[in-house]
Amino acid sequence: MRTHLCGELREAHVGSAVRLCGWVARRREHGEHLAFVDLRDHSGLVQCVVPGTVEARSEYVVAVTGVVRARPEGTANADLATGAVEVGDCTVEVLAEADPPPFAVDDRVDVDEAVRLRHRYVDLRRPRLQANLRLRAAVVRALRNAMDRQGFCEVETPLLWAPTPEGAREFVVPSRLHHGSSYVLPQSPQLAKQLLMVAGVDRYYQVARCLRDEDLRADRQFEFTQLDVEASFVGQEDVLGFVSEAVLDAAEVATGERPGAIPRLTWAEAMDRYGTDKPDLRFGMELVDLTRTFAGTSVKAFAAPTVKGLVVDGGATVPRSRLDALTERARALGAKGLAWFRVGEEGMLDSPLDRFLAEDERRGLLEVTAAAPGDLVLVVADEHRVACTVLGQLRLEVGGRPVHEGPYRYVWVVDFPLFDGLDDAGNPLAAHHPFTMPHPDDLHLLEDDPLAVRSQAYDLVLNGWELGSGSVRIHRGDIQSRVFTALGISDEEATARFGFLLGAFRAGAPPHAGFAVGVDRLVAIFAGEESIREVIAFPKTQSGADLMTGAPSPVAPAVLTELGLALQQVPPASAGGSTATGGDR
RNA sequence: GGACCUGUGGUGCAGUUUGGAGUGCACGCCGGCCUGUCAAGCCGGAGGUCGCGGGUUCAAAUCCCGUCAGGUCCGCCA
């Protein structure tokens, strides 16, 4: 039906008779003897010259027949990849008419995202999204190639799965054959891939769709794609190697440049220096520890387990109103307050707190922070975790940049804590999941000081975005029992919640470890996009709606009947008034 | 569950602060003219429940209340 693609024509094609197919991007008529048609397909645009008038209007689907020729002197278009040539003496055959598009099929016009999503098939015609889709395909191909090369086997796992009682809220699929029962869509293939290890698959990967019924964000959709990885007879080092290889390959394909080896930080270091477990290494502004400086302080505001500081270069000119706003922000983030010091000449400090500082404290503050005249020092004194995370957030808000701006700075964050916080009953909560292997050096602390136990869990971070996480799994029953005990999970409860996995492990579980890379986020960063919606063909809105299909939509009564379901009428929330129908209050 | 921003012909905006006739701009659309344009140009034209509902007022795009939709974020996402 066609001989060439629009975007590929160059001077080398001059003289070729061609037939092109595509959409009319623009039409410029100059009377009855001359018209130009810019023809577009996925590869690009080319100008076609018609010796007459043209029936086809914008977005009509046409086939154009003509001969490639060099453009006349002075009419080349440097803005077009094909701008040195044109297709001359064209005849245009209309393959399909089209309504005028709801918005211009052109990257240069900004259109409300709701309008774009309602007409996604038109939006996707635009070069930017075409490029994003193809970049995504190239990245996924690179990831697959890297895993294949490293001896991994891609295995598909079920979408209709059983509930896992931890983690994200799951999508429920009612069963037609078993009324009152349902499947759930997997929040990840986590359990399936561990079963594949028991099954002797040895090295598994999958470009897997994951589904989580949690609130959406710029970097979160209900359904998203992971490069899911698991391998047997390997440890943390091996996994970091496998995943690095795949991600660096993808980076090379996407950016044309292969990044160097990915550096590492321990979780504790990341918290200490950046106040987050997903540090953005593109800029400095590291947190400094002032705990010792103010160890014996008489300043009440600094009497806390940890005192942390953040230096804003040249920040002394920041107006008071902005400092008040930052203080307000620090409080909103959980700090008791925020102290600030404008650094002047010769160590003078401009701050409401300055007159309360001892001389050695003033000197220590300047020495430890290495703040220079003209800088601003922000200080939070609080519990260690609070002081770090609050300043870490302020660091991003003061010095941060869009995630996709170069350079790309990858980092492995390792040695995550095994537990994170306590539940209502006072039991530690699993930081990753309950099958995460404790750090071998900390096993002895499991019973007496569980919150101090590190785990063999690790994250991959790029420019402050979490790209993925993984862990070495527990394959030994004795260690698993100790972890369950630490979590306050009884044998009976463990059997009830994870029975089939624990049963499978008794069939002979190899030591194994794994990881999962968030493909949408990775591609979005490579594509220079701030939202993963721009690299997903048919994304949903923040409220989970598909504006094109109208999903979710009401279920027909006959369908409900077949599934054995009945809709419950939920009475509207009343403001203190009593409702006629009884409730369980 | 909560905070904030946005909603005006098909698209993007201005108008809202300080109420006074749907007023305006650009693009697109329709018709006409035009033999080298390229986001063509020139002339003419059509196209609007100002998201929706209620209230205040002689009068509401504009003020108030509610609600819906889209976005950003908090909670949530082991």
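Using a 3.5 Å distance cut-off with no hydrogens or angles, the side chains of T157(A) and Q206(A) do pair a donor with an acceptor. Between the side chains of E529(A) and N132(A), at least one donor N or O lies within less than 3.5 Å of an accepting N or O.
Pairing for C25(B) goes to G12(B), judged as Watson-Crick or G-U wobble with the two contacts each under 3.5 Å. Partner assigned to A69(B) is U6(B), using Watson-Crick or G-U wobble distances below 3.5 angstrom. Shown here, G47(B) forms no base pair; nothing in the strands shown gives a Watson-Crick or G-U wobble contact with both key distances under 3.5 Å. Nucleotide C63(B) has G55(B) as its partner under the Watson-Crick or G-U criteria, with both atom distances under 3.5 Å.
Using a 4.0 Å cutoff on non-hydrogen atoms, no part of residues 489-502 of chain A comes near RNA chain B.
If you check every strand for non-hydrogen atoms under 4.0 Å, S58(A) touches sugar and phosphate atoms only. Using a 4.0 Å heavy-atom criterion, one finds that A545(A) contacts the sugar-phosphate atoms exclusively. Among the atoms of the strands shown, only primed sugar atoms or phosphate atoms (P, OP1, OP2) are found under 4.0 Å from some heavy atom of A218(A). L45(A) comes within 4.0 angstrom of nothing in the nucleic acid, heavy atoms only. Contact annotation for E113(A): backbone-only contact, meaning every heavy-atom pair under 4.0 Å involves sugar-phosphate atoms and none involves a base. Within the 4.0 angstrom heavy-atom criterion, only backbone atoms of the sugar-phosphate kind lie near A430(A); the bases stay farther away.
C58(B) and U8(B) have their P atoms separated by 30 Å, with the value rounded to a whole Å. Taking the P atom of each, C5(B) and G66(B) are spaced 14 Å apart, rounded to whole Å. When the P atom is compared between A59(B) and G22(B), the two are found 14 Å apart, to the nearest whole Å. Separating the P atom of C43(B) from that of A61(B) is a span of 33 Å, rounded to the nearest Å. Of the C1' atoms belonging to C65(B) and G24(B), the separation is 31 Å, rounded to the nearest Å. C50(B) and C34(B): their P atoms are spaced 42 Å apart (whole Å). When the C1' atom is compared between G48(B) and G9(B), the two are found 5 Å apart, to the nearest whole Å. With C1' as the reference atom, A60(B) and G20(B) are 10 Å apart, rounded to whole Å.
For the pair R116(A) CZ and G12(B) C1', the computed distance is 14 Å after rounding to whole Å.
If R169(A) and V111(A) are placed on RNA chain B by their nearest nucleotide, the residue sitting closer to the 5' end is V111(A).
With hydrogens and angles ignored, a donor-acceptor pair closer than 3.5 Å exists between the side chain of R220(A) and the base of C77(B).
Formation of a donor-acceptor pair under 3.5 Å by the R209(A) side chain with backbone atoms of T225(A) is not found in this model. When atom types are taken as modelled, the side chain of R282(A) and the backbone of R401(A) share a donor-acceptor pair closer than 3.5 angstrom.
Taking the six-membered ring wherever Trp is involved, the centroid distance between the rings of F505(A) and H512(A) falls below 6.0 Å.
Figure legend: R395(A) and F283(A) shown as a cation-pi pair, the cationic atom lying under 6.0 angstrom from the six-membered ring centre and within 45 degrees of its axis.
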### Protein proximity profile, nucleotides 35-51 of chain B - base contact B, sugar-phosphate-only contact S, no contact -, cut-off 4.0 Å on heavy atoms
BBBBBB-----------
